[in-house]
Amino acid sequence: MRFRSWMIGLTCGLVASPIAVAAQTADTTDDWDAARHVRVDWVYVTMKQPDIVRTLDNAMKDQVRWANLPQNSPDVEAFRCVKLALPPPTPAALAAFESAPSSMGRDADKAYAKAASLGYWRAAARLVNSALDDEDWESAQPIVAWLLKHHVPAGYNKLADMFYAMSSYDGESPGADTSAMIVSLRWRAALEGDPVAQTDMADLFAEPKPKVAASLRACASGQNPGLAGP
C-alpha cells in the first residue's frame with residue numbers, strides 16, 4: 001500500500017507526543033501554557049488520553065485504506081458539489097462563538113473553547129488554527145481527535161493542516177509521501193462537504209484543472225459566502 005510506511009512513522013510520532021500534559025498538569029502562570037489550557041481543557045471533559053491516541057491512530061489507518069481506493073483519487077475531471085450535513089449549533093454555542101471579539105487571540109480562544117465545549121465544530125476548528133499559529137502541536141492533536149470522533153469532515157482538513165505545519169517546520173518542505181497524504185486528507189474533507197477543504201482543493205486545482213477548481217469554489221462559497229474568491 002502506497003502510504004503504509006509513511007503512516008506508521010507519522011502516526012508513531014503523533015501518539016508518542018505528550019498530548020495530555022498541557023491539560024492535566026497543575027495551573028501555571030506561564031503565558032504559553034495558559035494559552036494551551038484555554039484551547040484544550042474542554043476536550044478532556046469527554047475524551048481522555050487513550051481515546052485521543054486511539055482516535056488518531058484509527059483515523060490514519062482508515063485514511064490509508066481510503067486513499068488507496070481508486071475511486072478516491074483526487075485526479076478527477078469534474079467535481080459534484082456536496083454540502084456539509086451536520087446539525088446546526090445550539091443557540092448557546094452560537095452565542096459563545098459569536099462573542100469572540102476577533103478570530104484570533106486569547107479572548108477569541110476563550111469564546112471558541114466555550115462554543116466547542118457546547119458541541120460547535122467550527123469553534124473547535126478555529127482552536128486548531130490558533131494552536132498551529134502558535135506552533136502548539138500538542139494542543140492541536142486532541143482537538144483534531146475530537147473533530148474526527150464526532151465525524152466532522154473538517155477533522156480531516158485540520159489533520160492535513162497539522163501534518164503540513166509539523167512537516168514544514170523550520171522552513172522544511174513536506175516530502176512527496178507527506179504531501180500526497182495531505183492532499184488526500186483535504187480531498188476527503190472536500191468530498192464530505194467541508195467548505196474550507198473545498199476552497200483549499202480549488203486553490204490546488206486552479207492551474208492544472210480550472211473547471212474543477214471553479215466547481216469546488218462555487219460549492220464552498222455557496223455554503224459560506226465568506227470563502228468566495230476575489
Side-chain angles (χ1 to χ4, degrees), residues 17-49 51-52 55-56 83-162 164-166 186 189 192-200 220-228:
S17 298
I19 6 188
V21 171
Q24 295 178 335
T25 51
D27 290 341
T28 174
T29 58
D30 180 86
D31 188 65
W32 198 71
D33 279 349
R36 286 174 134 194
H37 278 280
V38 170
R39 292 185 191 114
V40 82
D41 277 4
W42 63 275
V43 175
Y44 290 95
V45 175
T46 58
M47 293 185 74
K48 303 306 179 186
Q49 173 75 351
D51 301 322
I52 292 164
T55 299
L56 291 172
K83 294 187 177 181
L84 198 61
L86 289 173
T90 64
L94 185 59
F97 183 85
E98 293 180 341
S99 73
S102 65
S103 61
M104 299 176 63
R106 182 68 60 81
D107 289 338
D109 285 353
K110 289 178 180 177
Y112 294 146
K114 176 64 175 177
S117 73
L118 296 171
Y120 195 12
W121 69 269
R122 285 188 65 196
R126 292 279 179 94
L127 290 170
V128 176
N129 295 345
S130 176
L132 295 180
D133 286 344
D134 212 13
E135 297 180 353
D136 180 12
W137 326 133
E138 290 82 3
S139 291
Q141 292 173 28
I143 306 171
V144 169
W146 183 92
L147 287 166
L148 293 168
K149 182 177 180 180
H150 289 82
H151 308 291
V152 177
Y156 296 110
N157 203 40
K158 292 307 168 187
L159 188 58
D161 286 346
M162 188 172 71
Y164 179 82
M166 293 171 69
R186 295 201 195 287
E192 293 188 11
D194 180 57
V196 174
Q198 290 168 351
T199 300
D200 290 339
S221 61
Q223 298 189 80
N224 184 347
L227 296 175

Trainee: Work out which heavy atom in D136 is nearest to a heavy atom in S139; give both atom names and the distance.
Mentor: OD2-OG, 2.5 Å

Trainee: Please check: side-chain N/O of S130 versus main-chain N/O of R126, any donor-acceptor pairing under 3.5 Å?
Mentor: no

Trainee: Determine, step by step, whether T55 and M47 satisfy the side-chain contact (heavy atoms from CB on, under 4.5 Å) criterion, reporting the C-alpha distance in whole Å, the side-chain angles of both residues, the deciding distance to 0.1 Å, and the verdict.
Mentor: CA-CA 10 Å; T55 299; M47 293 185 74; 3.7 Å; yes

Trainee: What's the shortest heavy-atom distance between V144 and M162, and which atoms?
Mentor: CG2-SD, 4.5 Å

Trainee: How many angstroms lie between CH2 in W137 and CD in E135, if you round to the nearest 0.5 Å?
Mentor: 5.0 Å

Trainee: Could you go step by step and tell me if K48 and D51 meet the salt bridge (charged side-chain N to carboxylate O under 4.0 Å, His left out) rule?
Mentor: CA-CA 5 Å; K48 303 306 179 186; D51 301 322; over 6 Å; no

Trainee: Just to verify, what does D133 make a salt bridge (Lys or Arg N to Asp or Glu O under 4.0 Å) with, not counting sequence neighbours?
Mentor: none

Trainee: Mind listing the closest non-hydrogen atom pair of P142 and V43 along with its distance?
Mentor: O-CG1, 3.7 Å

Trainee: Working to the nearest 0.5 angstrom, can you tell me the gap between K158 NZ and D194 CG?
Mentor: 8.0 Å

Trainee: Quick one: pull up CG in L159 and CG in L147 and give me the separation to the nearest 0.5 Å.
Mentor: 10.0 Å

Trainee: Should V128 and R39 be marked as a side-chain contact (heavy atoms from CB on, under 4.5 Å) after you check the CA-CA gap, both sets of side-chain angles, and the distance that decides it?
Mentor: CA-CA 8 Å; V128 176; R39 292 185 191 114; over 6 Å; no

Trainee: Looking at residues at least two apart in the chain, or sitting in another chain, which of them share a side-chain contact (heavy atoms from CB on, under 4.5 Å) with S117?
Mentor: W42, K114

Trainee: Rounded at 0.5 Å granularity, tell me how far CG in L84 sits from CZ in R122.
Mentor: 10.0 Å

Trainee: For Q223 and G193, which heavy atoms make the closest approach, and how far apart are they?
Mentor: NE2-O, 3.1 Å

Trainee: Residues two or more places apart in sequence or in another chain: which of them pass side-chain contact (heavy atoms from CB on, under 4.5 Å) with H150?
Mentor: W146, V152

Trainee: For E192, which residues count as a side-chain contact (heavy atoms from CB on, under 4.5 Å) partner, sequence neighbours excluded?
Mentor: P153, Y156, R188

Trainee: Please name all residues satisfying side-chain contact (heavy atoms from CB on, under 4.5 Å) with D200, sequence neighbours left out, ordered by chain then number.
Mentor: N157, R186, V196

Trainee: Can you tell me how far apart NZ (K149) and CG (L56) are? Round to the nearest 0.5 Å.
Mentor: 12.0 Å

Trainee: Decide yes or no on salt bridge (charged side-chain N to carboxylate O under 4.0 Å, His left out) for R106 and D31, but give the supporting numbers first.
Mentor: CA-CA 10 Å; R106 182 68 60 81; D31 188 65; 2.9 Å; yes

Trainee: Would you give the length of the straight line joining atom CG of D109 to atom CG of N129, rounded to the nearest 0.5 angstrom?
Mentor: 10.0 Å

Trainee: Sequence neighbours left out, cut at 3.5 Å: what donor-acceptor pairs do the side chains of residues 86-103 make with other protein atoms?
Mentor:
unit_1, atom_1, unit_2, atom_2, d
T90, OG1, A93, N, 3.1
S99, OG, A96, O, 2.6
S102, OG, M104, N, 3.4
S102, OG, M104, O, 2.6

